[in-house]
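Following: one structure in structure tokens, then a few remarks.
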Amino acid sequence: MDSNPNTTHRARRGPAARRSFAAVLLLAASLLPHTHPAMAAGVTLTISGNIGKFTNPSAHSYVFSEAEFNALPMREITTATDWTPKGTFRGPLLRELLAKVGAHGRQIKFYGEDNYNVTIPASDFSKYDVILARTWNNQPLQLNDFGPFWVMYPIQNMSTSETSGIFIAKLAWQVSRIEVK
Ligand SMILES: Nc1nc2c(c(=O)[nH]1)N[C@H]1C(S)=C(S)[C@@H](COP(=O)(O)O)O[C@H]1N2
Ligand SMILES: [Mo]
């Protein structure tokens, strides 16, 4: 799998390691002075790179607040994954999210908070109704539980050949940043 040029792997991390990663983040957060809990809970999504609309022109990026993100038209995908039982993910279509920021690139790079990243051809988002999921069964995805955002394909509508092999590497979780290339 490491030979796939579109996929950058780091060492696989099991659930226990994910928990300790979350524990470190919680500890770090608890050490930050004057952090209001409501602000700490606020989640943002940053899109940068080959885009045409900016909230932050000097940084050449578009930052969605949680409120702005939640106001986007939402789609649902009900599916099981390798990590979750059958349940319903909700989020905007990736192609609509990218259109909203005037994205022009052909390759979209998703960064996880755990340093994972994966690059997906934008054509996937025309071909499939891929969403950037924010909730699972109506609950916001938490950082220690695949959040804040999780790239989710309509797995239930896809064939076994489409979801085999390197496919699952595209299901990037803990996403908070996207770069359009
Ligand atoms: N944020 C994040 N998303 C991720 C990963 C990861 O390590 N971090 N691993 C990816 C890869 S390479 C695969 S194959 C699948 C499954 O990872 P797992 O076998 O470690 O559970 O999740 C994908 N999404
Ligand atoms: Mo993987």
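The analysis underlying the following values was restricted to heavy atoms, covering all of them including side chains, and did not include hydrogens, waters or symmetry mates.
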Check: Who are the side-chain contact (heavy atoms from CB on, under 4.5 Å) partners of Asn137, not counting sequence neighbours?
Finding: Thr88

Check: In Å, rounded to the nearest 0.5 Å, how long is the span from NZ of Lys109 to CZ of Arg177?
Finding: 8.5 Å

Checklist line | Spatial distance of atom CD (Glu96) from atom CE (Met74) [nearest 0.5 Å] | finding: 10.5 Å

Note to self: Holding to salt bridge (charged side-chain N to carboxylate O under 4.0 Å, His left out), I want the full list of residues that pass it with Asp124, two or more places apart in sequence or in another chain.
What the structure shows: Lys170

Notebook entry, point to check: Between Tyr116 and Gln174, is a side-chain hydrogen bond (donor to acceptor under 3.5 Å, both in side chains) present by the stated rule, with each step listed?
Noted result: CA-CA 9 Å; Tyr116 180 80; Gln174 291 185 327; over 6 Å; no

Notebook entry, point to check: Quick one: does Ile120's side chain get under 4.5 Å of Val130's, heavy atoms only?
Noted result: no

Next item on the list: Sequence neighbours left out, what passes side chain to side chain donor-acceptor pair (under 3.5 Å) with Ser48? Give chain and number order.
Entry: none

Item checked: Sidechain-backbone polar pair: Arg134 side chain, Leu141 backbone, donor-acceptor under 3.5 Å -> yes

Note to self: Quick check for you: to the nearest 0.5 Å, what is the distance between Ile131 atom CD1 and Leu97 atom CG?
What the structure shows: 11.5 Å

Note to self: Rounded to the nearest 0.5 Å, what separates atom CG in Leu93 from atom OG in Ser126?
What the structure shows: 11.0 Å

Item checked: Over all atoms of both residues, closest heavy-atom pair of Met152 and Ala133 -> CB-CB, 4.4 Å

Checklist line | Heavy-atom closest contact (Pro154 atom, Ile77 atom, distance) | finding: N-CD1, 3.7 Å

Next item on the list: Work out which heavy atom in Gly105 is nearest to a heavy atom in Val180; give both atom names and the distance.
Entry: N-CG1, 3.3 Å

Next item on the list: Would you please name every residue forming a side chain to side chain donor-acceptor pair (under 3.5 Å) with Asn50, sequence neighbours left out?
Entry: none

Next item on the list: Over 60° means perpendicular and under 30° means parallel, so classify the ring planes of Tyr153 and Phe125, tilted if in between.
Entry: tilted

Next item on the list: Say whether, by atom type as modelled, one donor and one acceptor occur between the side chain of Thr44 and the main chain of Val63 under 3.5 angstrom.
Entry: no

Notebook entry, point to check: Can you name the closest pair of heavy atoms from Arg75 and Asp129 and give their distance?
Noted result: NH1-OD2, 3.3 Å

Notebook entry, point to check: Taking the side chain as C-beta and beyond, is there a heavy-atom pair between Ile155 and Phe89 under 4.5 Å?
Noted result: no

Notebook entry, point to check: To the nearest 0.5 Å, what is the distance between CD1 (Ile47) and OG (Ser61)?
Noted result: 9.5 Å

Next item on the list: State, yes or no, whether a side-chain contact exists between Pro148 and Leu143 at a heavy-atom distance under 4.5 Å.
Entry: yes

Next item on the list: Group every Ile, Leu, Val, Met, Phe, Trp and Tyr by side-chain heavy-atom contacts under 4.5 Å, then state whether Leu132 and Phe167 land in the same group.
Entry: yes

Note to self: I need the Thr78 OG1 to Arg90 CZ distance, nearest 0.5 Å.
What the structure shows: 9.5 Å

Next item on the list: Please list, chain by chain and in numerical order, all residues satisfying side-chain contact (heavy atoms from CB on, under 4.5 Å) with Gln139, sequence neighbours excluded.
Entry: none

Margin query: If the condition is side chain to side chain donor-acceptor pair (under 3.5 Å), which residues does Glu162 pass it with, not counting sequence neighbours?
Written below: Tyr128, Ser159

Next item on the list: Over 60° means perpendicular and under 30° means parallel, so classify the ring planes of Phe64 and Tyr62, tilted if in between.
Entry: tilted

Next item on the list: State, to 0.1 Å, how close Pro85 and Trp136 come at their nearest heavy-atom pair, and which atoms those are.
Entry: O-CZ2, 3.5 Å

Notebook entry, point to check: Is the closest side-chain heavy-atom distance between Trp150 and Thr84 below 4.5 Å?
Noted result: yes

Check: Taking the six-membered ring for Trp, is the centroid-to-centroid distance between Trp173 and Trp83 below 6.0 Å?
Finding: yes

Check: Below 4.5 Å, heavy atoms only, C-beta onward: do Ile178 and Val101 meet side chain to side chain?
Finding: no

Checklist line | Main-chain N/O of Pro140 paired with Gln142 side-chain donor or acceptor, under 3.5 Å | finding: yes

Next item on the list: Is it possible for you to say whether Leu72 and Phe149 belong to one hydrophobic cluster, with membership spreading through side-chain heavy-atom contacts below 4.5 Å?
Entry: yes

Checklist line | Asn117 and Thr119: side chain donor to acceptor below 3.5 Å | finding: no

